[in-house]
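Everything below concerns the one structure shown next.
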Amino acid sequence: MQAKPFYVTTPIYYVNGKPHIGHAYSTVAADVLTRYARVRGRNARFLTGTDEHGQKIERVAAEQGLPPAEYCDRMIPAFRQCWEALHCEYDDFIRTTSPRHMQFAEEMWRRCEAAGDIYLGEYEGWYSVADETFYTEKELVDGKAPTGRPVERVKEPSYFFRLSKYTDKLLAFYESHPDFVRPEGRFNEVKSFVREGLRDLSLSRTTFRWGIPVPGAPDHVMYVWFDALSNYISALGGDRAPLYAEFWEPNARAVHLVGKDILRFHAVYWPAFLMSAGLPPPSQVWSHGWMTVNGAKMSKTEGNFLPPEPIADAVGADALRYYLMRDIAFGQDGDFSHQNLLARYHGDLGNGLGNLLNRIVSSIVPKSLEGRIPRIDASALGDREKELVQTAERAAKRAGQLLDDIAPHRALEAIWELVAAANKYVDQTEPWQLAKKGDTRRLEEVCYAVLESLRWLSVMLWPFLPEKADAMRTQLGLPALMPTVGLDAWPSAWGGLVGGTSVRPGAPLFPRFDEDQQRAI
Ligand code: ME8
């Protein structure tokens, strides 16, 4: 199963504001999983992009006095720059205003229509522009959407999608695809929602213009979610394109990473649209939790949409990536806290990883071993070394499984067992004492074991800390990682470091921040 081509997507973000730390969370996760797949030699593709149609965008553009298309064009660089600043290397960036997307969305429409699943009616009910969601009277809470956002009364001619027809089909599909939604608890919520019976879904709007015109009925624009969900296939070039054959069905693992706010669209509507259009659903929808910032909900009124770039500038993109992936359990709600970010920075990264590298590569090896990786028989291991190798093997195996299962926080926990074990090994073997005593043979064994642990770590950490992992490799005298399809670089054999190579001590990976610097973060 694991050798399948891997297609991972983030939600396509609305361009009504700049990207914030919540968007960064999904995008970094997708990048980590893509890099991991690549290190394993798998064929991987990472898609992100922007959702640019709909009433919400039309209104923001109008507020700014811009035609919506121009407004959208102006917003795109903020997204691209943000992902670049966070070392997120997507393969494709889809915009829903691009012709390639619009053509496929139209085709999806025509297919659903040909299947007899689209009919003309009139929608009367509530709509939240902020959520781009229709709500029934029953769903409202104190006259507002369940998300707390305002709703408006809408009464207009509308095309409908026969979602009700798909209730049983979806339930049967869930039954036969027990991994379709993760985490499991949220899958259960999806199933109970569907079990209650689905109502037909309003699929077009007539009271504004900013959307994809409905084929054959240009006074209607497509409901923005029908338009948006099609991006996952429009970006592959549609279902007749080679990329579709490679990354969608039946031989690929296509995973949508989404926040829990939009799970229903992905786990209910999207597979129903695809079934109607005669296309297979994705392999999995992975719904992560919701993030608060320093204990508070991010909201327009609070003005606390935390932009990721200043944080990345202050602590480094990799440290931010690490913090997001380590501190917030994937799937659960969590809090972004500056204090915890600094604690992870100084603790796990500085004292744990950085110090391990520093103690050996910048200190003992240059001082006592002429700056070279010792030439030793790496297979002749003492008890302590055997234990360290076992820890490394366990960490690599566990971290690999956990990343396959999309549990990045637990994968990091597993990797840090090796960081801790290697630091403990240094404390116990006291290489500086060995140097003092002139016990060069033992000193070489010890240094080699630590350097080799660092090599293993540089591979396992590369998906999370691409820049720092390569900096570690440079210091170890190794080339930067260059993942190659078909070549599994995940560490599995002890003794890869070649004796005699020079180490190249460099700047500390995670220098300490003093009080003033900490306050500024
Ligand atoms: O919903 N915590 O776009 P959007 C965690 N265009 N994740 C968060 C978050 C938070 N506080 N805030 C945002 C849309 N996210 C649609 C998607 S897909 C076909 C269309 C992340 O800009 C999370 O992934 O509102 C969430 O699902 C997404 O951003 C919502 O982004």
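Indexing begins at 1, ligand by ligand and atom by atom, following the structure's order. In this text, all values refer to a predicted model and were calculated from it rather than measured experimentally.
Note: Phe134 and Tyr123 meet the aromatic proximity criterion, with ring centroids under 6.0 Å apart. The six-membered or imidazole ring of Tyr232 lies near that of His266, with a centre-to-centre distance under 6.0 Å.
Residue Met298 has at least one heavy-atom neighbour below 4.0 Å for each of these atoms of ligand 1: 11 (N). When each atom of ligand 1 is checked for a heavy atom of Asn231 under 4.0 Å away, the hits are 19 (C).
Considering Arg111, Lys165, Arg162 in turn, Lys165 is the only one that fulfils the side chain to side chain donor-acceptor pair (under 3.5 Å) rule with Asp117. When each of Phe510, Phe464, Trp416 is tested with Tyr322 by the rule ring pair (Phe, Tyr, Trp, His ring centres under 6.0 Å), just one qualifies, namely Trp416.
Of all non-hydrogen atoms in Gln284 and Asp179, the two that sit nearest each other are NE2-O, 2.9 Å. Between Asp335 and Ala296, the closest heavy-atom pair is OD1-N, 4.5 Å. Of all heavy-atom pairs spanning Ser26 and Leu257, the tightest one is O-CD1, 4.0 Å.
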Inset, instruction - Determine, step by step, whether Phe336 and Tyr25 satisfy the ring-ring contact (aromatic ring centres under 6.0 Å, His included) criterion, reporting the C-alpha distance in whole Å, the side-chain angles of both residues, the deciding distance to 0.1 Å, and the verdict. - result: CA-CA 10 Å; Phe336 181 99; Tyr25 185 69; over 10 Å; no

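Contact annotation: His266 has at least one heavy atom less than 4.0 Å from an atom of ligand 1. In this structure, Trp225 counts as a contact residue of ligand 1, since one of its heavy atoms falls inside 4.0 Å of the ligand. Ligand 1 has His20 within reach: a non-hydrogen atom of the residue lies less than 4.0 Å from it. Contact annotation: Lys297 has no heavy atom less than 4.0 Å from any atom of ligand 1. The shell of residues lying under 4.0 angstrom from ligand 1, judged by heavy atoms, excludes Gly17. Remark: distances from the non-hydrogen atoms of Trp270 to ligand 1 are all 4.0 Å or more. At a 4.0 Å cut-off, at least one heavy atom of Trp290 sits close enough to ligand 1 to count as contact.
Nearest protein heavy-atom contact of atom 19 (C) of ligand 1 is Tyr232 OH, 3.5 Å. Closest to atom 24 (O) of ligand 1, if we only count protein heavy atoms, is Ser26 OG, 2.6 Å. At the top of the distance list for atom 29 (O) of ligand 1, counting protein heavy atoms only, stands His23 CD2, 3.3 Å. From the protein, the heavy atom lying nearest to atom 1 (O) of ligand 1 is Ile262 CG2, 3.5 Å. Among protein heavy atoms, the minimum distance from atom 26 (C) of ligand 1 is reached at Asp261 OD1, 3.3 Å. At the top of the distance list for atom 4 (P) of ligand 1, counting protein heavy atoms only, stands Tyr14 CD1, 3.7 Å. Ranking the protein heavy atoms by distance from atom 17 (C) of ligand 1 puts Ile12 O, 3.1 Å first. In this structure, atom 5 (C) of ligand 1 lies nearest to the protein heavy atom Gly289 O, 3.5 Å.
Residue contacts with ligand 1: Gly259 is placed with a nitrogen or oxygen under 3.5 Å of a nitrogen or oxygen of the ligand (distance criterion only). Checked by distance only, ligand 1 and Asp51 come closer than 3.5 Å through their nitrogen or oxygen atoms.
When the salt bridge (Lys or Arg N to Asp or Glu O under 4.0 Å) test is applied to Lys18, no partner is found at least two apart in sequence or on another chain.
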Per-pair distances, 0.1 Å, donor-acceptor, side chain in residues 212-225, under 3.5 Å, sequence neighbours excluded:
residue : atom : partner : partner atom : Å
His220  : ND1  : Ser204  : OG           : 2.7
Tyr223  : OH   : Glu132  : O            : 2.6

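Aromatic ring orientation, Trp248 versus His256: tilted (interplanar angle from 30° to 60°).
In this structure, of His256, His53, His288, Met291, the residue bringing a heavy atom nearest to atom 7 (N) of ligand 1 is His288.
For the atom pair OG1 of Thr50 and CE of Met75, the computed distance is 10.0 Å after rounding to the nearest 0.5 Å. Separation of atoms CH2 (Trp286) and CG (Asp405) is listed at 9.0 Å; rounding is to 0.5 Å.
Contacts between Ile21 and ligand 1, counted as non-hydrogen atom pairs separated by less than 4.0 Å, are absent for every part of the residue. At a 4.0 Å heavy-atom cut-off, ligand 1 touches Tyr13 through backbone and side chain alike.
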